[in-house]
Number of protein chains: 2
Amino acid sequence: MQPLDISSYLGRLQDYYARERIIPSTTQLSTLWNVKARSWTHQIVQRLKEENFLENAPGSRLRPGPRFFERTLGPGVRAGRPQQAADVQPELLRIDDYLIEKPSQTILFPVKGDSMTDLGILEGDMVVIERSDSASPGEVVLAIVDNELTLKVLARDKEGYYLEARNEARSKEYPPIRPRHKLEIYGFYVGLFRKTQVPGHRLHRPGFGR
Amino acid sequence: MQPLDISSYLGRLQDYYARERIIPSTTQLSTLWNVKARSWTHQIVQRLKEENFLENAPGSRLRPGPRFFERTLGPGVRAGRPQQAADVQPELLRIDDYLIEKPSQTILFPVKGDSMTDLGILEGDMVVIERSDSASPGEVVLAIVDNELTLKVLARDKEGYYLEARNEARSKEYPPIRPRHKLEIYGFYVGLFRKTQVPGHRLHRPGFGR
DNA sequence: TTGAATTCAGAACAATCGTTCTCTATAATA
DNA sequence: TATTATAGAGAACGATTGTTCTGAATTCAA
């Protein structure tokens with residue numbers, strides 16, 4: 001609709017950003033885009049901002065806007081497909097950014113045991129924990145009980161705070177934990193990530209499509 | 001080892017970057033760090049560059065360096081208390097590198113439905129898919145069935161290849177999928193990540209420890 | 001107590017920054 | 001053809017940039 005074909009400029013900028021992880025200044029954008037006049041570069045940037053491909057960062061610098069990472073799926077998926085696949089290039093989106101909001105207060109913990117499988121937290125998963133010494137009932141917390149770190153759901157009744165597991169199938173093995181002396185919160189659960197055991201041999205086994 | 005305790009500066013910068021997605025100028029770093037002199041800010045930046053937390057981007061700007069996204073990795077959740085000994089070097093992990101091995105062939109895919117909950121794959125999770133048009137039985141694959149992308153387990157019997165769900169409790173709702181014509185593999189599942197709905201209100205609710 | 005790092009502050013520098021202004025080409029439209 | 005919007009160029013503005021220099025205050029070991 002817009003008369004200026006912005007997509008070629010955007011494309012080159014996206015490539016640049018994938019390489020350098022930075023939106024350059026107008027001067028450098030000029031050379032990147034082969035535009036002689038910085039004023040015109042500035043104009044193009046304005047359009048990109050209007051279209052939400054770019055936005056202003058503090059200090060009147062630029063950063064990628066909400067639509068900057070949009071991308072259609074690669075070949076192989078026919079048109080008319082349900083818009084399900086993430087229109088995101090992993091090289092451009094940092095999972096790290098998505099998962100962690102306060103890096104300085106965030107720690108990763110490997111999960112042991114199956115006490116939280118009902119919440120999709122399995123043994124071997126890495127949980128993202130944001131440090132905090134307080135939490136609310138219903139939150140998943142990493143707590144220190146009797147000098148041990150445990151990931152459980154914080155709960156409360158008339159007797160006070162306690163910890164619950166989330167594994168209905170084996171609920172007898174995981175009774176509520178009532179701390180003998182004190183219940184110390186280490187942090188609360190904000191997310192997790194999981195990597196399957198890489199089937200390095202998968203390339204050599206026979207299978208579908210081969 | 002280094003005389004200047006750089007970690008507090010780094011921490012605040014990491015938090016800033018998580019918010020703004022940009023490394024600010026020295027002037028703004030000064031206010032962020034409460035340093036009066038830009039020269040001193042510049043000095044700290046030099047140290048951060050030496051330690052590979054920052055690096056130079058084109059245009060003499062700054063961008064995160066290789067170590068900027070390292071996260072401290074706690075011990076196993078059921079193991080003893082972490083960092084009792086201060087001199088124990090904490091393990092470090094970069095989530096993106098950990099999760100994605102072949103960026104150019106990897107896409108992210110948001111999970112819909114609960115057909116794979118037995119494998120700890122819940123609705124809203126982001127699965128990491130490595131592109132491949134072939135797979136082996138037993139692998140979790142992203143397949144294109146009837147022009148729709150589905151995450152299922154690839155299986156095989158005498159009749160040929162088909163797809164299975166993994167939700168025993170509701171197995172009747174997810175019968176095996178035998179493709180009408182052909183079964184097209186889009187890629188295979190290598191991992192996932194999940195972010196809980198950020199409880200922004202959590203700070204205001206009463207709870208334990210407050 | 002001396003001396004040397006270290007930690008900070010302030011001033012100053014040329015270079016670059018984003019932005020605005022006026023001025024041509026070019027293309028489309030009427 | 002004349003008109004008009006678009007695409008591009010060039011100059012110029014004050015502000016901010018990264019960087020360097022000098023010089024205090026503080027710390028700490030000799």
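Only heavy atoms go into these numbers, but all of them, side chains included; no hydrogens, no water, no symmetry mates. Just so we're on the same page: letters track the sequence lines, and every chain starts at 1.
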Does either side chain, that of B/Asn167 or that of B/Ser115, offer a donor lying less than 3.5 Å from an acceptor on the other one?
no
Taking atom C1' of C/dC17 as reference, at what distance in whole Å does atom CD1 of A/Ile23 sit?
16 Å
Hey, does the side chain of B/Thr27 come within less than 4.0 Å of D/dT17's phosphate (OP1/OP2), counting only N and O?
yes
Out of D/dG18, C/dG10, D/dG8, which nucleotide sits closest to the side chain of A/Trp40?
D/dG8
Length of the line joining B/Trp33:CH2 and C/dA9:P, which is rounded to integer Å:
14 Å
What integer distance in Å separates B/Gln46:CD from D/dG18:C1'?
10 Å
Would you say A/Arg61's side chain and B/Pro24's backbone share a donor-acceptor pair under 3.5 angstrom?
no
Polar side-chain contact A/Arg38-C/dG18 base: donor and acceptor under 3.5 Å
yes
Out of B/Arg94, B/Arg71, B/Lys195, which one pairs with A/Asp96 under the salt bridge (Lys or Arg N to Asp or Glu O under 4.0 Å) rule?
B/Arg71
In this structure, how many angstroms lie between the P atom of C/dT16 and the CZ atom of B/Arg61, rounded?
13 Å
Between C/dT7 and B/Tyr9, is there an OP1 or OP2 to side-chain N/O distance shorter than 4.0 Å?
no
When you match B/Asn34 and A/Pro24 each to their closest nucleotide on DNA chain C, which lands nearer the 5' end?
B/Asn34
Between P on C/dG10 and CD on B/Gln43, what's the gap in Å once rounded to a whole number?
16 Å
Just the rounded figure in Å: distance from P of C/dC17 to CG of A/Leu62.
12 Å
C/dT7, OP1 or OP2 - any side-chain N/O from B/Arg47 closer than 4.0 Å?
yes
So, OP1 or OP2 of C/dT19: does either fall under 4.0 Å of a side-chain N or O from A/His42?
yes
Donor-acceptor pair, distance only, cut-off 3.5 Å: does the side chain of A/Thr106 make one with the backbone of A/Glu130?
no
Base, sugar-phosphate, or nothing: which does A/Val35 touch, judged by heavy atoms less than 4.0 Å apart?
sugar-phosphate
Provide, to the nearest angstrom, the distance between the CD1 atom belonging to A/Ile44 and the P atom belonging to C/dT20.
16 Å
In this structure, how many angstroms lie between the C1' atom of D/dG18 and the CD atom of B/Gln28, rounded?
13 Å
Report the nucleotide, chosen from C/dG18, D/dA9, D/dT19, that has the shortest atom-to-atom distance to any side-chain atom of B/Thr26.
D/dT19
Measure from the side-chain N and O atoms of A/Thr150 to the backbone N and O of A/Lys152, and report whether any donor-acceptor pair falls under 3.5 Å.
no
Reckon B/Ser39 has a side-chain N or O less than 4.0 Å from the OP1 or OP2 of C/dA9?
no
